[in-house]
Amino acid sequence: MKKIFLLALLIIASLILFFLNKNDTTLSEELSDFAVEDTASIQKVFFADKHGNSVTVSRDSGTWLVDDKFEVRPEAIEYLLKTIKDIEVKHPVSNSLHDKVIKNLASSAVKVEIFTNNLDLAHKTYYVGGEAKDLIGSFMLLENSSRAFVVYIPGFNGFLAPRYTIDGTTVASDLWRDRTIFSYNSNDIKTISVINHEDDNKSFKMHRQEKFYSFTKNNTTKIIPDSQGQEYFNLFKSVKCEGFMNDFSKKDSIFNSTPFYTIRITDTNGKMDSIIAYHKEPKREDYMQENCQKLEYDVDRMYAKLNSDLILIQFYVFDKILLRTPQFSVEK
């Protein structure tokens with residue numbers, strides 16, 4: 001009789017443990033389901049950091065826009081959607097670290113809200129924090145959960161915040177914007193003028209006539225081969241900047257400084273685009289010239305004004321446009 005009683009007690013205890021474990025497993029799945037499998041259904045993603053900044057990227061007739069104003073960099077949205085789909089829980093944050101991780105998430109994590117068909121109700125909301133101890137994955141927390149996890153992408157060795165275009169603990173629309181400055185069909189360009197504000201001998205104008213191209217420099221105009229004119233105009237098919245710097249504290253002083261170059265493009269309808277380039281201070285003060293003198297200006301990059309935006313551009317891209325390395329027969 002005693003054996004039967006002990007056996008019954010053991011069975012009851014086992015059943016209780018089974019159902020308790022089952023509930024824990026169900027709860028864990030609910031609190032660790034970060035991914036969205038069907039990224040084609042995603043219509044909007046909202047980001048908010050702890051510094052008061054927010055960014056919204058959303059679909060608009062097949063085009064992704066940031067804050068309803070600017071086109072999003074294609075690679076940025078592609079990266080984001082792939083990340084949203086591929087993320088998985090690596091493991092729960094250990095009990096010994098959990099309080100510290102929760103505290104850090106509360107103070108510095110970026111809130112991510114993913115909207116699908118209902119643009120007024122987030123399909124999924126979670127918080128993206130710092131990198132895991134082994135730098136593979138990031139700490140994340142789902143909305144209404146108190147359990148943090150290390151989330152990663154299998155096969156990817158790194159942390160995830162950059163894949164959400166999060167810069168440290170901040171978000172900014174400039175990080176999402178498409179970096180195209182000029183995007184011209186060469187046949188739509190009528191005139192390109194380049195003005196060097198420090199040395200007028202380096203200024204020139206390229207003009208597409210009805211049947212030929214002309215090149216004007218130092219008050220002298222020459223006809224140049226069509227191949228060379230076409231080659232130069234083709235440079236404006238896709239010109240990109242390195243990035244936007246509208247939050248830079250020296251933006252106004254840069255715009256008020258003496259320009260280095262001005263580039264103007266006039267199309268066949270008379271519409272004109274322009275950018276104004278400015279010198280940039282050397283990246284490091286100890287960079288030297290060959291004569292051991294400190295560099296006065298950065299030799300790799302310039303600032304530029306594009307409409308009201310401060311952008312960063314590279315000589316690697318603009319040397320050909322500015323003809324700093326002569327390439328036409330009229331320049332030799």
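Fair warning: this is a prediction, and the values are worked out from it, not measured in the lab.
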Closest non-hydrogen atom pair between Ser146 and Ile102, with its separation: O-CD1, 3.9 Å

Cluster check Phe34, Ile42: I/L/V/M/F/W/Y, side chain < 4.5 angstrom: yes

Connected via hydrophobic side-chain network under 4.5 Å: Leu175 and Leu65: no

Full working for side-chain contact (heavy atoms from CB on, under 4.5 Å) between Asp226 and Gln230: CA-CA 6 Å; Asp226 282 358; Gln230 190 71 43; 5.8 Å; no

Considering all heavy atoms, the nearest Gly137-Phe159 contact: O-CB, 3.6 Å

Lys222 to Phe215, cation-pi by 6.0 Å centre distance and 45° axis angle: no

More than 12 heavy atoms of other groups within 6.0 Å of Lys202 NZ: no

No-hydrogen, no-angle side-chain donor-acceptor test under 3.5 Å, Asn256 and Ser253: no

Side-chain (Thr262) to main-chain (Ile276) donor-acceptor, under 3.5 angstrom: no

Expected output: side-chain Asp60 to main-chain Thr63 donor-acceptor under 3.5 Å: no

Exam field: side chain Arg147 to backbone Val93, donor-acceptor pair closer than 3.5 Å: yes

Verdict with reasoning, Leu310 to Tyr303, per side-chain contact (heavy atoms from CB on, under 4.5 Å): CA-CA 7 Å; Leu310 174 64; Tyr303 297 122; 3.9 Å; yes

Exercise: identify the closest heavy-atom pair between Ile313 and Ala277: CD1-CB, 4.3 Å

Side-chain donor-acceptor contact under 3.5 Å, Thr169 with His51: yes

From CA spacing to verdict: side-chain contact (heavy atoms from CB on, under 4.5 Å), Ile166, Val128: CA-CA 9 Å; Ile166 298 170; Val128 179; 4.2 Å; yes

Lys50 atom NZ, over 12 foreign heavy atoms within 6.0 Å: yes

Any side-chain donor near an acceptor of the partner, Thr266 and Thr191, under 3.5 Å: no

Side chain proximity check, Lys240 to Val317, heavy atoms < 4.5 angstrom: no

Minimum-distance pair of heavy atoms, taken over all atoms of Ala148 and Val101: CB-CG1, 4.1 Å

Distance flag, aromatic centroids of Phe233 and Tyr213, threshold under 6.0 Å: yes

Plane angle bin for Phe236 and Tyr232 - parallel if under 30°, tilted between 30 and 60°, otherwise perpendicular: perpendicular

Matching residue for Trp176 among Trp64, Phe47, Phe70 - test: ring pair (Phe, Tyr, Trp, His ring centres under 6.0 Å): Phe47

Check: Thr83/Arg163 side-chain N/O donor and acceptor closer than 3.5 Å: yes

Any donor-acceptor N/O pair, Asp298 side chain to Asp300 backbone, under 3.5 Å: yes

Basic-acidic side-chain contact under 4.0 Å: Arg324, Asp319: yes

Within-4.5 Å side-chain heavy-atom neighbours: Leu160 and Val151: yes

Heavy-atom neighbours of Phe204 CZ exceed 12 at 6.0 Å: yes

Shared hydrophobic cluster, Ile77 / Val45 (ILVMFWY, side-chain heavy atoms < 4.5 Å): yes

CA sep, side-chain torsions, deciding dist, call: Lys280, Tyr297, side-chain contact (heavy atoms from CB on, under 4.5 Å): CA-CA 6 Å; Lys280 178 183 177 299; Tyr297 303 117; over 6 Å; no

Arg179 to Phe244 six-membered ring, cation-pi geometry met (6.0 Å, 45°): no

Check: Thr170/Asp49 side-chain N/O donor and acceptor closer than 3.5 Å: no

Test side-chain hydrogen bond (donor to acceptor under 3.5 Å, both in side chains) applied to Ser96 and Ser94, step by step: CA-CA 5 Å; Ser96 61; Ser94 64; 3.2 Å; yes

Validation row: Tyr261, Ile195 side chains within 4.5 angstrom (heavy atoms): no

Common cluster, Tyr164/Val110, ILVMFWY with side-chain heavy-atom separation under 4.5 Å: yes

Any Leu80 side-chain heavy atom under 4.5 Å of Thr165 side chain: no

Stepwise salt bridge (Lys or Arg N to Asp or Glu O under 4.0 Å) test for Lys85 and Asp38: CA-CA 7 Å; Lys85 179 179 180 180; Asp38 182 16; over 6 Å; no

salt_bridge(Arg177, Asp309) N-O dist < 4.0 Å: yes

Modelled atom types, side-chain donor and acceptor of Asn185 and Lys237, under 3.5 Å: no

Under-4.0 Å salt bridge between Asp273 and Lys271: yes

Glu242, CD atom: more than 12 neighbouring heavy atoms under 6.0 Å: yes

Heavy-atom pair with the smallest gap, counting every atom of Ile192 and Ile189: CG1-CG2, 3.7 Å

pair Lys190-Asp267: side-chain heavy atoms closer than 4.5 Å: no

Ring pair (Phe, Tyr, Trp, His ring centres under 6.0 Å) between Phe139 and Phe149, worked out: CA-CA 6 Å; Phe139 297 118; Phe149 293 86; over 10 Å; no

Glu113 and Lys111 ion-paired at < 4.0 Å: yes

Test item: side-chain donor near acceptor, Thr180 and Asp178, under 3.5 Å: yes

Check against side-chain hydrogen bond (donor to acceptor under 3.5 Å, both in side chains), Thr268 and Asp188: CA-CA 6 Å; Thr268 53; Asp188 294 332; 4.7 Å; no

Met272 side, atom CE; Ser274 side, atom OG - distance, nearest 0.5 Å: 5.0 Å

Flag if over 12 foreign heavy atoms under 6.0 Å of CD, Gln43: yes

Worked verdict on Tyr278 versus Phe260 for ring pair (Phe, Tyr, Trp, His ring centres under 6.0 Å): CA-CA 5 Å; Tyr278 304 86; Phe260 186 19; 9.7 Å; no

Contact check, side chains of Ile311 and Lys305, non-hydrogen atoms, under 4.5 Å: no

4.5 Å side-chain heavy-atom contact, Phe318 and Ile263: yes

Any side-chain donor near an acceptor of the partner, Thr258 and His197, under 3.5 Å: no

Donor-acceptor contact present, side-chain Ser108 to main-chain Leu105, <3.5 Å: no

Residue Lys90 excluded, over 12 heavy atoms near NZ under 6.0 Å: yes

Heavy-atom check, side chain of Val239 versus side chain of Ile321, under 4.5 Å: yes

ILVMFWY network linking Met140 to Ile153, side-chain heavy atoms under 4.5 angstrom: yes

